[in-house]
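Below is one structure; the comments refer to it alone.
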2 protein chains.
Amino acid sequence: MYDLNKEVAKVKAQTLESQLCFAIYKATNQYTKLYRKALEPFDLTYPQYIVLLALWENDHMIIKQLSEKLSLGIGTLNPIISKLVKKDYITKTPSPMDKRSVVISLTTKGRNSESTISEMISTKATKWDSFAIFDDQFKLKLQELNTLLSQLNDGEEKK
Amino acid sequence: MYDLNKEVAKVKAQTLESQLCFAIYKATNQYTKLYRKALEPFDLTYPQYIVLLALWENDHMIIKQLSEKLSLGIGTLNPIISKLVKKDYITKTPSPMDKRSVVISLTTKGRNSESTISEMISTKATKWDSFAIFDDQFKLKLQELNTLLSQLNDGEEKK
DNA sequence: ATATAATGTATCGTGTACGATTTAAATAAG
DNA sequence: CTTATTTAAATCGTACACGATACATTATAT
C-alpha cells in the first residue's frame with residue numbers, strides 16, 4: 001500500500017550559504033570588527049558607540065527608552081552604560097518624576113566627541129556603508145525584515 | 001577673509017535608523033532570539049547549530065576548515081566545539097596526517113539529528129527565512145556586502 | 001487606604017566573539 | 001641536519017547578549 005521508506009525519507013538541511021540568517025550573522029561580525037578598529041582611538045566598542053549615537057539624537061533618555069531604541073535588554077545595556085560612565089562619556093541621574101527610572105545624559109566630553117567621531121567614521125563610512133549597490137531599497141527590505149522578526153519574536157512570546 | 005566659524009562647523013552623526021550596520025546588527029540579535037527558542041528542545045544555540053550545519057554538508061573537517069567556513073576564529077569556535085562534544089553531537093580526533101590538526105566528526109546522534117532538526121526548523125523557516133520579499137536578489141546583495149566587508153577587514157589588517 | 005499588579009533597574013549565570021599569547025608540529029632556509 | 005618561520009590549536013582576558021531573578025517604586029483595584 002504505502003511506501004513507508006519514502007514517508008520517512010530523511011529531510012536534508014539547507015546549506016549554510018543559502019541561508020539569509022547566516023549571511024546577516026556574518027555581516028554583523030564583520031561590521032563589528034571594522035568598527036572595533038575605527039573606534040579604538042576613542043576607547044569605544046560598537047555597542048557603546050550606538051548608545052552615544054542614540055543620545056546625540058536625543059539626550060536625557062531614561063534607560064528604558066534607550067533599551068527600546070537600541071532593541072537591547074537592560075541586562076545587556078547596563079554594563080555598557082557603566083563603562084561609558086567610567087570613561088566620562090555619559091552620566092546617570094535618578095529621575096525626579098519617577099524614582100524608579102534613571103536618566104542618561106551626555107557629559108561635555110560626550111557631547112563634544114560627536115563631531116570628532118562622526119568625522120572619522122564618515123571618512124570610512126563612504127567605504128563601508130554607502131556603496132551604490134546598498135541603496136535605499138536594500139535598507140528598506142532590511143527594515144521590513146526587522147519588523148517581521150520582531151513580530152515573530154513577540155508572537156513566540158505568547159505561546 | 002575666511003569665516004572660521006563655518007570651517008569648524010560641527011559634523012553631525014548619521015541617525016541610527018539610517019545606518020545599514022545598525023539594521024543588520026538588530027536583525028542578527030532578533031534571529032538569534034528566534035533560533036534560541038526553536039533550538040531549545042535540542043539543547044543547541046545558533047552558533048552550535050551552524051557548526052552542525054557545516055558538518056552535515058561536509059563531515060570530518062578539521063577545525064581550521066570549520067573556522068573558515070563559519071568565519072569564526074578559533075577562540076570563538078573552541079568553546080562551541082567543546083560543548084557539542086559534551087552533548088555527544090560531535091567528536092574530536094587528532095589527524096593522522098598532520099598531528100597539529102584536529103578532525104571534527106559527527107556522532108550517530110549528530111548525524112541522525114539532521115532530519116529531526118531540519119524538519120522542525122523548516123516548518124518555522126517558511127515563516128522566517130523565505131518570505132517572498134526576501135528573494136534571491138536580496139540575498140545576493142547581502143553576499144556582495146559580506147565580500148566587501150571581508151575585503152575591508154583584510155585591508156585594515158595590512159595598515 | 002491597602003493589597004495587588006505592573007514597571008524600571010540591577011544583578012547573575014551561560015554562551016558567544018574577538019585579539020593576544022602560548023605551544024607543538026610541520027615546513028623552509030641555511 | 002639544524003635553525004628559523006609558518007601553521008593549527010588551545011588558552012586567557014575583555015566585552016557583549018540574553019533570560020531569570022530580585023527589588024524598589026508606581027499604578028491599579030477593591
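By convention in this document, chain letters (A, B, ...) are assigned in the order of the sequence lines, proteins followed by strands, and residues within each chain are numbered from 1.
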Can you check the [X] [atom1] to [N] [atom2] distance for me, whole Å?
{"X": "B:Leu77", "N": "C:dG15", "atom1": "CG", "atom2": "C1'", "value": "14 Å"}
{"X": "A:Asn29", "N": "C:dG19", "atom1": "CG", "atom2": "P", "value": "10 Å"}
{"X": "A:Leu34", "N": "C:dA17", "atom1": "CG", "atom2": "C1'", "value": "15 Å"}
{"X": "A:Leu84", "N": "D:dC16", "atom1": "CG", "atom2": "P", "value": "8 Å"}
{"X": "B:Leu70", "N": "C:dT16", "atom1": "CG", "atom2": "C1'", "value": "13 Å"}
{"X": "B:Lys37", "N": "D:dA17", "atom1": "NZ", "atom2": "P", "value": "18 Å"}
{"X": "A:Lys83", "N": "D:dA17", "atom1": "NZ", "atom2": "C1'", "value": "11 Å"}
{"X": "A:Lys64", "N": "C:dA6", "atom1": "NZ", "atom2": "P", "value": "14 Å"}

By the definition side-chain contact (heavy atoms from CB on, under 4.5 Å), identify the one residue from B:Leu106, B:Leu44, B:Asp43 that meets it with B:Tyr89. B:Leu44
Within less than 4.0 Å of OP1 or OP2 of [N], is there a side-chain N or O belonging to [X]?
{"X": "A:Asn78", "N": "C:dA10", "value": "yes"}
{"X": "A:Lys92", "N": "C:dT9", "value": "no"}
{"X": "A:Tyr25", "N": "C:dA17", "value": "yes"}
{"X": "A:Lys99", "N": "D:dT25", "value": "no"}
{"X": "A:Thr45", "N": "D:dC16", "value": "yes"}
{"X": "B:Thr76", "N": "C:dC18", "value": "yes"}
{"X": "A:Gln48", "N": "D:dC16", "value": "yes"}

Is any NZ, NE, NH1 or NH2 atom of the basic residue among B:Glu40 and B:Arg36 found under 4.0 Å from an Asp or Glu carboxylate oxygen of the other? no
With nearest nucleotides of DNA chain D determined for B:Val103 and A:Tyr46 from heavy-atom distances, which residue corresponds to the more 5′ nucleotide? B:Val103
Start at the 5' end of DNA chain D and walk down; is the nucleotide closest to A:Arg100 or to B:Glu40 reached first? B:Glu40
B:Ile80 or A:Ile74: which one's nearest nucleotide on DNA chain C is closer to the 5' end? A:Ile74
Comparing A:Gln65 and B:Gly75 on DNA chain C - which has the more 5′ nearest nucleotide: A:Gln65
With the side chain of B:Lys33 defined as its heavy atoms from C-beta on, choose the nearest nucleotide among D:dC18, D:dA9, C:dA10. D:dC18
For residues A:Ile50 and A:Ile62: do they belong to one hydrophobic cluster (side chain heavy atoms under 4.5 Å, members Ile, Leu, Val, Met, Phe, Trp, Tyr)? no
Rounded to the nearest 0.5 Å, how far does CG of A:Asp98 lie from NZ of A:Lys64? 11.5 Å
Any side-chain heavy-atom pair of B:Ile90 and B:Leu52 under 4.5 Å: yes
